Amino acid sequence: MAILPIIHFPDERLHTKATPVAIVDDQIRKLIADMAETMYAAPGIGLAATQIDVHQQVIVIDTSENHNNLLVLINPIIIKANGRAVHDEGCLSVPGIYEAVTRAAHISVKFLNIDGKETVLETDGLLAVCIQHEMDHLQGKVFVEYLSQLKQARIKQKLKKRIRETM
Ligand code: GNR
Ligand code: NI
């Protein structure tokens with residue numbers, strides 16, 4: 001296993017659209033193991049392959065307190081979405097920034113699990129927020145893009161300043 005570097009907004013590679021996984025083979029399972037290790041080390045509750053510059057439709061999520069409930073979503077598709085809910089979001093690719101985002105409150109998502117088996121999950125709350133956040137990454141979208149241009153400009157300035165200060 002390996003901890004992989006996470007790319008940071010506004011890196012243009014975060015805007016790459018991921019392609020579907022053709023077969024869930026050993027190479028994909030190795031990618032998943034590395035993504036899980038990277039997410040737990042960060043620490044974060046989710047990670048999309050896009051964030052480690054791999055542009056395949058693979059997501060790992062664990063919203064449990066004990067880091068013992070890994071959820072793997074390959075080629076996810078939202079098949080139902082209902083209601084709206086506002087939640088404060090953060091992102092490992094936008095460190096230190098937390099902003100409110102409105103998303104569907106209740107979703108059903110269809111995906112392949114780590115064994116390549118088609119699975120449907122119906123959920124709400126933080127898990128629904130996280131799944132939608134990660135699926136956006138696979139489409140090349142970062143949560144700050146839901147914010148006003150003014151807020152986005154301020155976030156870019158803040159991140160650049162922080163990079164300057166740590167050099
Ligand atoms: O660790 C994370 N926490 C989080 C909190 C609220 C909403 C979404 C997230 S996802 C984030 C990890 C991450 O950047 N995944 O892409
Ligand atoms: Ni993120």
Side-chain angles (χ1 to χ4, degrees), residues 1-21 28 31-78 81-109 111 113-114 121-148 151-152 154-156 158-160 162-163:
M1 297 224 290
I3 295 173
L4 306 167
I6 294 172
I7 55 183
H8 287 173
F9 182 81
D11 192 314
E12 71 282 355
R13 290 173 295 175
L14 286 171
H15 296 128
T16 312
K17 266 192 176 210
T19 54
V21 170
I28 293 295
L31 170 68
I32 289 164
D34 289 346
M35 285 176 63
E37 192 181 7
T38 303
M39 171 183 72
Y40 288 129
I45 60 168
L47 189 74
T50 312
Q51 293 176 277
I52 52 154
D53 202 26
V54 172
H55 303 287
Q56 301 205 67
Q57 293 178 10
V58 178
I59 290 168
V60 294
I61 292 177
D62 192 340
T63 57
S64 73
E65 272 180 29
N66 303 323
H67 290 183
N68 60 1
N69 195 13
L70 183 68
L71 174 67
V72 176
L73 301 98
I74 300 163
N75 302 347
I77 296 172
I78 301 237
N82 289 107
R84 309 299 283 163
V86 185
H87 202 285
D88 257 350
E89 297 192 20
C91 181
L92 295 172
S93 295
V94 198
I97 306 292
Y98 302 90
E99 293 283 350
V101 177
T102 304
R103 298 187 185 271
H106 192 275
I107 59 167
S108 290
V109 61
F111 57 95
N113 71 8
I114 194 163
L121 173 68
E122 220 184 296
T123 193
D124 57 13
L126 180 61
L127 183 55
V129 171
C130 194
I131 290 170
Q132 291 172 82
H133 175 115
E134 305 310 340
M135 286 183 68
D136 271 354
H137 277 304
L138 298 183
Q139 294 305 311
K141 187 159 182 169
V142 180
F143 86 102
V144 296
E145 290 165 42
Y146 289 106
L147 309 176
S148 70
K151 275 194 175 177
Q152 286 186 52
R154 284 180 179 156
I155 289 166
K156 282 179 195 171
K158 213 171 173 176
L159 293 178
K160 277 186 205 153
R162 212 180 293 143
I163 290 165

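What you are looking at is a predicted structure, and each value in this text was computed from that prediction instead of being measured. What you see below is based on every heavy atom in this structure, not just the backbone, and it leaves out hydrogens, waters and symmetry mates. The first residue of the sequence shown is numbered 1, and numbering continues consecutively from there. In each ligand, atom 1 is the first atom listed, and ligand 1 is the first ligand listed.
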*Report, rounded to 10°, the angle at the Ni ion (ligand 2) between the two atoms SG (C91) and NE2 (H133).*
110°
*For N113, all residues meeting side-chain hydrogen bond (donor to acceptor under 3.5 Å, both in side chains), sequence neighbours excluded*: none
*Verify, without hydrogens or angle tests, whether E37 (side chain) and A2 (backbone) share a donor-acceptor contact under 3.5 angstrom.*
yes
_Test item: N75 side-chain N/O and F111 main-chain N/O as donor-acceptor pair under 3.5 Å_ = no
*Taking side chain as C-beta onward, heavy atoms only, is M35 less than 4.5 Å from I52?*
yes
Exercise answer, ligand 1 polar atom pairs (N/O) under 3.5 angstrom:
| from | atom 1 | to | atom 2 | distance (Å) |
| --- | --- | --- | --- | --- |
| ligand 1 | 1 (O) | I45 | N | 3.0 |
| ligand 1 | 14 (O) | Q51 | NE2 | 3.3 |
| ligand 1 | 14 (O) | L92 | N | 2.8 |
| ligand 1 | 15 (N) | G46 | O | 3.2 |
| ligand 1 | 15 (N) | E134 | OE1 | 3.1 |
| ligand 1 | 15 (N) | E134 | OE2 | 2.6 |
| ligand 1 | 16 (O) | Q51 | OE1 | 2.8 |
| ligand 1 | 16 (O) | Q51 | NE2 | 3.3 |
| ligand 1 | 16 (O) | H133 | NE2 | 3.1 |
| ligand 1 | 16 (O) | E134 | OE1 | 2.6 |
| ligand 1 | 16 (O) | E134 | OE2 | 3.1 |
| ligand 1 | 16 (O) | H137 | NE2 | 2.9 |

*Among Q132, R103, H137, which residue meets the side chain to side chain contact (heavy atoms under 4.5 Å, CB included) test with F143?*
R103
_Side chains of H15 and E145 only: does a donor on one sit below 3.5 Å from an acceptor on the other?_
yes
*For the residue pair H67 and N69, confirm or rule out a side-chain donor-acceptor distance under 3.5 Å.*
no
*Could you tell me which N, O or S atom of H137 is nearest to the Ni ion (ligand 2)?*
NE2
